Structures are given as structure tokens and as C-alpha cells.
Amino acid sequence: MPALVLLGAQWGDEGKGKATDILGDRVDYVVRYQGGNNAGHTVVIGDQKYALHLLPSGILSPNVVPVIGNGVVIDPSVLLEEIKGLNDRGIDTSKLKISTNAHLITPYHRTIDKVSERFLGNSKIGTTGRGIGPAYADKINRIGIRVQDLFDPSILRQKIEGALRDKNQVLIKVFNRKGIEVEEVLNEYLGYAEILRPYVTDTVLLLDQALKAGKTVLLEGSQGTLLDVDHGTYPFVTSSNPTAGGACTGSGIGPTKITRVIGIVKAYTTRVGSGPFPTELFDEDGEKLRTIGGEVGVTTGRPRRCGWYDAPIARYAVRVNGLTDFFLTKLDVLTGWDQIPVCVAYEIDGKRVEELPSSQSDFHHAKPIYEYLPGWKEDISKARKIEDLPANARAYIKFLEDISGAPMSAIGVGPGRDETIVVKDFI
């Protein structure tokens, strides 16, 4: 049976949680493969809304095994709080599996993240301050703490002492901050060991056995393609790989096991934090998109920057990820406009450019070239087949499909689990 990848095709916040949840009842495992609690998924089931940060969206489906893969960085305090929050609402989290090789976020990662961002002043990246980048930096520098280290107090002490030997020098001498005590961190993290132990396992082996047994595995990314540290709008990116390649390294599933790569793309565009955004709106239309779409970050609470659909970005996501399908979300938000602009190319230094420029400087100076499509006024939230949509809404979908490079296999027409049109099934 297949492994499927589901990821963001823009700057994140595209509605991956809804898409994962829809598939959740028909897959056996849902794996979060990168990122940390700097991202969030919102899932609406009936009149209940769930905001997930570290837990895979599949946690809400009773027959699914949710997995936190080795590519994720975990803040144990946040994870346990999230587990408790779901348990208090009657959601069973006992099936959760956590990779022994996932890295941990510590108090010194959070502190360094916050003070270094403030130190950058006007050059700040827009980090969430949750310690994600510093934790990944320690991973690459081979001084990170992994989940398995919680169960060996001697190793855990050595790693914390080694990390703080340098980091306290930076905090004290560069940022004029108080140093962090080894014992304080050690005691806190030893306290997590027995609580987390029932969840921890060799997830690479678990997933391989699942696939060999004919189970279906869904690999779920956080953030989006243009926030990828290698392929995004660097340096205004996250510190991991949300793209399809990251699904392999962050889960331990080889690329030959993956049969579908589904890109979640919003019917318009949003991003949170700093960085270039060619179609960004600073007028009433931008505020209208933000208000109707509820465009506030699930994790940060920050208002999202809003703009029109950007086809060069969608085509780029197809190339970088090898997308086989798009899941178009929030089409209902566009109801009510007389005409809807779509960015089909850019103007850079007086020249028309059809594709996303590889130069960051060029992208900063890119101006959108729009084509305008007629809008619709009808409520589309009750549509369950493509034929139920107004003609102009169907034409908009067809235009996006033709210009983006992959089929729109599902369309979200509202926030609810059932408010989706499935054109072509993913499984």
C-alpha cells in the first residue's frame, strides 16, 4: 500500500489540517515529519474546533496511529500540554508514537531564539521565538538532545553541560543576559522521561513494517514550500524541509514508497512573518480576505498578510515537490467579488518573467502581472460536486488548474470536515 505526502504549496497556513483530517479515516498512520510548535493546524469537526501544533492531525481519527517522526523538534512541555488538552476533550491520544531520534527543544533554545531575533532589529526574520531554529542548529552541529537521551541521565547531563558551556557565554557576554543553570534544565527534562516513555519507539521500523503489511501511511508537513530552508524565500524561511524530500528524511520512508504528493494551495495567498510577497494587498481587498478567511496564525496569533493567487508559486511547488495533485482550500472566501485577480507572471526590471526567480533580489522586486476572472455571489458552502458550483467558480478552478501545473483534485468550500468537493480521490 502507498505512502502519501501532503504538504503546503505556498507559505504555510493553506489548510493542511483539514485535508489530513479528511483522509484520516481512510489511512492507517499519519506522520508529522518536520517542524515544531512553530506551526499549527486547525481542524473543524461539527461545531468543535481543534488547534494542533505538534500532534499530527490524524490524532483526531480514532482508527489512525499518529506518529511524530525523527525530523520534528519537540518541546516536551508543549507536547504534554497539547496531549492533556485533547484528553480533557475526550480525544484518545494513547496510540501516539514518538521517534527516539526526534530532537528536543530546551529552555536555552527558546531564550536564544528570542534574544537573537530582538538583536537583529529591523533585519529580523520573523521567527516565532519558540526555539525551533536554535534546536535545528544544535542538531546540525551535533550537540542536540534527542528523545532517547531522556532515558539516560548521564548522557543527558553531559549533553546539557556541553551545550550550556558555549550558550551561557553567548547569553552573558553578547546579549547581557543571565546564564541558564544545568541542574534546572536537567531536572525538568528528566521529569519528562517516564511520562513520554509509553509513546517512544523506533518509528522508522514501525512505518516500514506498516507499509509491508499493506497499511496506508500519510506523511504530513508543517509550514509550506516557500518556507523550506533550501527551496524557500531564504532567509525568511523555517529551519527544516517542509518539501517532499523532507518527508523521506523526516520519517525514514524511502522515496520509492511514495505514490502521491498532494500540495495544499489556498484560493488566494497568505504568509506570516517577514519576506517578499509579490501579490500582497494593502487595501480593502486585503483586509476583506483577512476578515472573511479568519487569517490569524493558529500558533502565533499574528494577522496573516493576504494577497491574490500566485500561479508562478504554484508551478514552483509542482517542480520542487513533484506534486501529483492540488487540494484547493478556502474557495468560499472569494465569494462576493465582482472580479478576482490571478497573478500569472511577474514583471522584474521591465521584463516579463513566467517562473519564480532563483535570485532573492529579483523576487523582492517582482511585480505581479494579473489576469482578471469574473467572480460569483452565490453561497458555495453546500456544494459537494463540481457541478454544484456556479459557472464562474468552476471557471476559476479550471483556470488555476491549467496555469498551475497539476489537477485540482479536491476543493474546500467551507471550514467543516464535510465542506469539500472531491473531484479525484487521493487513495
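Values in this document were obtained by computation on a predicted structure and should not be read as measured data.
- The list of ring-ring contact (aromatic ring centres under 6.0 Å, His included) pairs with a residue in residues 257-279, not counting sequence neighbours, reads Trp11-Phe277.
- Defined by atom type and a distance below 3.5 Å, a donor-acceptor pair is present between the side-chain atoms of Asp310 and Tyr346.
- Partners of Asp149 according to the salt bridge (charged side-chain N to carboxylate O under 4.0 Å, His left out) rule, which considers only residues two or more places apart in sequence or in another chain, are Lys159.
- Under the side-chain contact (heavy atoms from CB on, under 4.5 Å) criterion, Ser359 pairs with Ser361, Asp362, not counting sequence neighbours.
- Residues meeting the side chain to side chain donor-acceptor pair (under 3.5 Å) test with Gln360, sequence neighbours left out: none.
- Legend: residues meeting side chain to side chain donor-acceptor pair (under 3.5 Å) with Glu378, ordered by chain and number and at least two apart, are absent.
- Under the side chain to side chain donor-acceptor pair (under 3.5 Å) criterion, Thr420 pairs with Lys18, not counting sequence neighbours.
- Within the structure, salt bridge (charged side-chain N to carboxylate O under 4.0 Å, His left out) pairs that include any residue of residues 236-245 do not occur (at least two apart or interchain).
- Checked against ring pair (Phe, Tyr, Trp, His ring centres under 6.0 Å), Tyr108 has no partners two or more places apart in sequence or in another chain.
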| Tyr396 and Phe399: CA distance, side-chain angles, deciding distance, ring pair (Phe, Tyr, Trp, His ring centres under 6.0 Å) verdict | CA-CA 5 Å; Tyr396 183 76; Phe399 185 82; 7.7 Å; no
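- Between Lys257 and Asp208, at least one side-chain nitrogen of the basic residue sits less than 4.0 Å from a carboxylate oxygen of the acidic one, meeting the salt-bridge criterion.
- Not counting sequence neighbours, the partners of Lys167 by the salt bridge (charged side-chain N to carboxylate O under 4.0 Å, His left out) test are Asp138.
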| request: Go through Ile112 and Leu171 one step at a time and tell me if the side-chain contact (heavy atoms from CB on, under 4.5 Å) criterion holds. | output: CA-CA 7 Å; Ile112 288 174; Leu171 285 171; 4.0 Å; yes
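- With 3.5 Å as the limit, one finds no donor-acceptor pair spanning the side chains of Asn101 and Ser99.
- Applying the salt bridge (charged side-chain N to carboxylate O under 4.0 Å, His left out) rule to pairs touching residues 58-86 yields Asp75-Arg110, Lys84-Asp88, sequence neighbours excluded.
- Residues passing the salt bridge (charged side-chain N to carboxylate O under 4.0 Å, His left out) test with Lys377, sequence neighbours excluded: Asp338.
- For Lys173, the salt bridge (charged side-chain N to carboxylate O under 4.0 Å, His left out) criterion is met by no residue, not counting sequence neighbours.
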